[in-house]
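What you see is a predicted model; the values in this text were computed from it and never measured. In this chain, numbering begins with 1 at the start of the sequence shown.
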Amino acid sequence: MSHIDISEHPAYKAMLRMDGEAAKAVAAAGLDPLLAELVKIRISQLNGCAFCLRMHTRDALQMGETTDRLSVVAAWWESQYFTGQEQAALGLAEEITRLSVPERADWDDGSLNDEQVAAISWLAIVVNSWNRIAIRSHYPVGPDSE
């Protein structure tokens with residue numbers, strides 16, 4: 001009984017609305033959709049969500065992301081593949097995911113404006129929630145599962 005698909009619960013519809021609002025905020029802030037996918041991938045790596053990792057990696061590849069960048073996103077700070085804005089977004093997403101106390105601000109180098117910080121913050125909050133739904137529901141992840 002402890003392994004149930006919680007996506008069948010009525011609260012799931014609220015998550016879908018939050019996801020839509022976060023996507024609108026990302027677009028309104030003028031952020032690249034590939035940057036949003038990188039953030040989703042990094043958060044899913046930190047949370048250990050195989051379902052979301054596979055989904056967002058596939059989405060990023062379909063959008064034109066390179067395998068080189070995807071292969072180093074787990075260590076983005078050690079590579080020269082990512083722009084200042086991407087590095088700031090990834091750092092902010094990690095701070096939100098790990099809930100650093102006291103708050104870290106090493107990502108805050110001016111690469112993101114206030115609207116972009118808010119958009120990435122909401123995106124990170126939503127992706128963290130999706131990761132928890134997928135992990136708690138034990139979504140299948142394997143060669144035969146889509």
Side-chain angles (χ1 to χ4, degrees), residues 1-79 81-82 85-108 111-112 114-146:
M1 179 73 147
S2 65
H3 293 88
I4 61 169
D5 184 351
I6 64 172
S7 64
E8 300 298 321
H9 192 276
Y12 190 81
K13 290 180 182 176
M15 272 304 304
L16 291 172
R17 288 191 303 275
M18 282 184 60
D19 186 74
E21 291 300 318
K24 287 180 195 174
V26 167
L31 293 164
D32 186 336
L34 274 176
L35 180 147
E37 290 306 315
L38 291 173
V39 166
K40 293 173 186 179
I41 290 165
R42 184 62 185 133
I43 291 168
S44 298
Q45 287 173 337
L46 293 170
N47 288 328
C49 184
F51 181 85
C52 293
L53 270 169
R54 181 181 64 180
M55 177 176 54
H56 295 302
T57 299
R58 287 176 176 178
D59 290 348
L61 287 168
Q62 287 179 343
M63 295 168 73
E65 187 55 83
T66 68
T67 55
D68 275 0
R69 282 170 38 105
L70 289 174
S71 68
V72 298
V73 73
W76 57 268
W77 61 92
E78 289 202 13
S79 78
Y81 280 100
F82 304 99
Q85 186 179 60
E86 289 168 333
Q87 291 177 31
L90 290 165
L92 173 58
E94 286 187 10
E95 178 185 307
I96 291 167
T97 300
R98 292 182 172 144
L99 292 175
S100 303
V101 178
E103 182 178 308
R104 285 183 25 224
D106 52 351
W107 59 267
D108 192 5
S111 295
L112 299 169
D114 289 350
E115 184 179 16
Q116 292 169 333
V117 168
I120 293 294
S121 295
W122 275 108
L123 178 63
I125 291 163
V126 168
V127 173
N128 275 288
S129 297
W130 281 127
N131 288 169
R132 281 149 180 78
I133 291 167
I135 291 167
R136 181 69 193 137
S137 296
H138 297 274
Y139 287 179
V141 182
D144 297 320
S145 60
E146 290 298 318

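Residues forming a ring-ring contact (aromatic ring centres under 6.0 Å, His included) with Phe82 (at least two apart in sequence, or on another chain): none. Take Leu99 and apply the side-chain contact (heavy atoms from CB on, under 4.5 Å) test, not counting sequence neighbours, and it matches no residue. Annotation: side chain to side chain donor-acceptor pair (under 3.5 Å) contacts of Glu65 (sequence neighbours excluded): Arg69. For Ser71, there are no side-chain contact (heavy atoms from CB on, under 4.5 Å) partners at least two apart in sequence or on another chain. With sequence neighbours left out, Glu94 forms a salt bridge (Lys or Arg N to Asp or Glu O under 4.0 Å) with Arg42, Arg98. Residues satisfying the side chain to side chain donor-acceptor pair (under 3.5 Å) criterion with Asp59, sequence neighbours excluded, are absent altogether. Among residues two or more places apart in sequence or in another chain, the side chain to side chain donor-acceptor pair (under 3.5 Å) test is passed with Ser7 by Asp5, Tyr139. Applying the salt bridge (Lys or Arg N to Asp or Glu O under 4.0 Å) criterion to Glu115, with sequence neighbours excluded, gives no partner residue. Among residues two or more places apart in sequence or in another chain, the ring-ring contact (aromatic ring centres under 6.0 Å, His included) test is passed with Tyr81 by none. When the side-chain contact (heavy atoms from CB on, under 4.5 Å) test is applied to Asp114, no partner is found at least two apart in sequence or on another chain. The side-chain contact (heavy atoms from CB on, under 4.5 Å) search around Leu61 returns Thr57, Thr67, Leu70, not counting sequence neighbours.
Expressed to the nearest 0.5 Å, how far CE of Met55 lies from CD of Glu37 amounts to 8.0 Å. Remark: Leu53 CG to Ile43 CD1 distance equals 11.0 Å, nearest 0.5 Å. Atom CH2 of Trp122 sits about 14.0 Å away from atom NZ of Lys24, to the nearest 0.5 Å. How far NE2 of His56 is from CH2 of Trp130: 9.5 Å, rounded to the nearest 0.5 Å. Within the model, atoms NZ of Lys40 and SG of Cys52 stand 10.0 Å from one another, a figure rounded to the nearest 0.5 Å. For the atom pair OG of Ser129 and CE of Met15, the computed distance is 4.5 Å after rounding to the nearest 0.5 Å.
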Tabulate below the donor-acceptor pairs under 3.5 Å that side-chain atoms of residues 27-36 make, not counting sequence neighbours, or state none.
from	atom 1	to	atom 2	distance (Å)
Asp32	OD1	Leu34	N	2.8

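Residues Val39 and Ile120 have side chains in contact (heavy-atom distance under 4.5 Å, counting atoms from C-beta outward).
Distance alone, capped at 3.5 Å, places no donor-acceptor pair between the Ser44 side chain and the Cys49 backbone. A donor-acceptor distance shorter than 3.5 angstrom exists from the side chain of Asn128 to the backbone of Ala124, with no hydrogens or angles considered.
Nearest approach of Asn47 to Thr97, heavy atoms of both residues: OD1-CG2, 3.6 Å.
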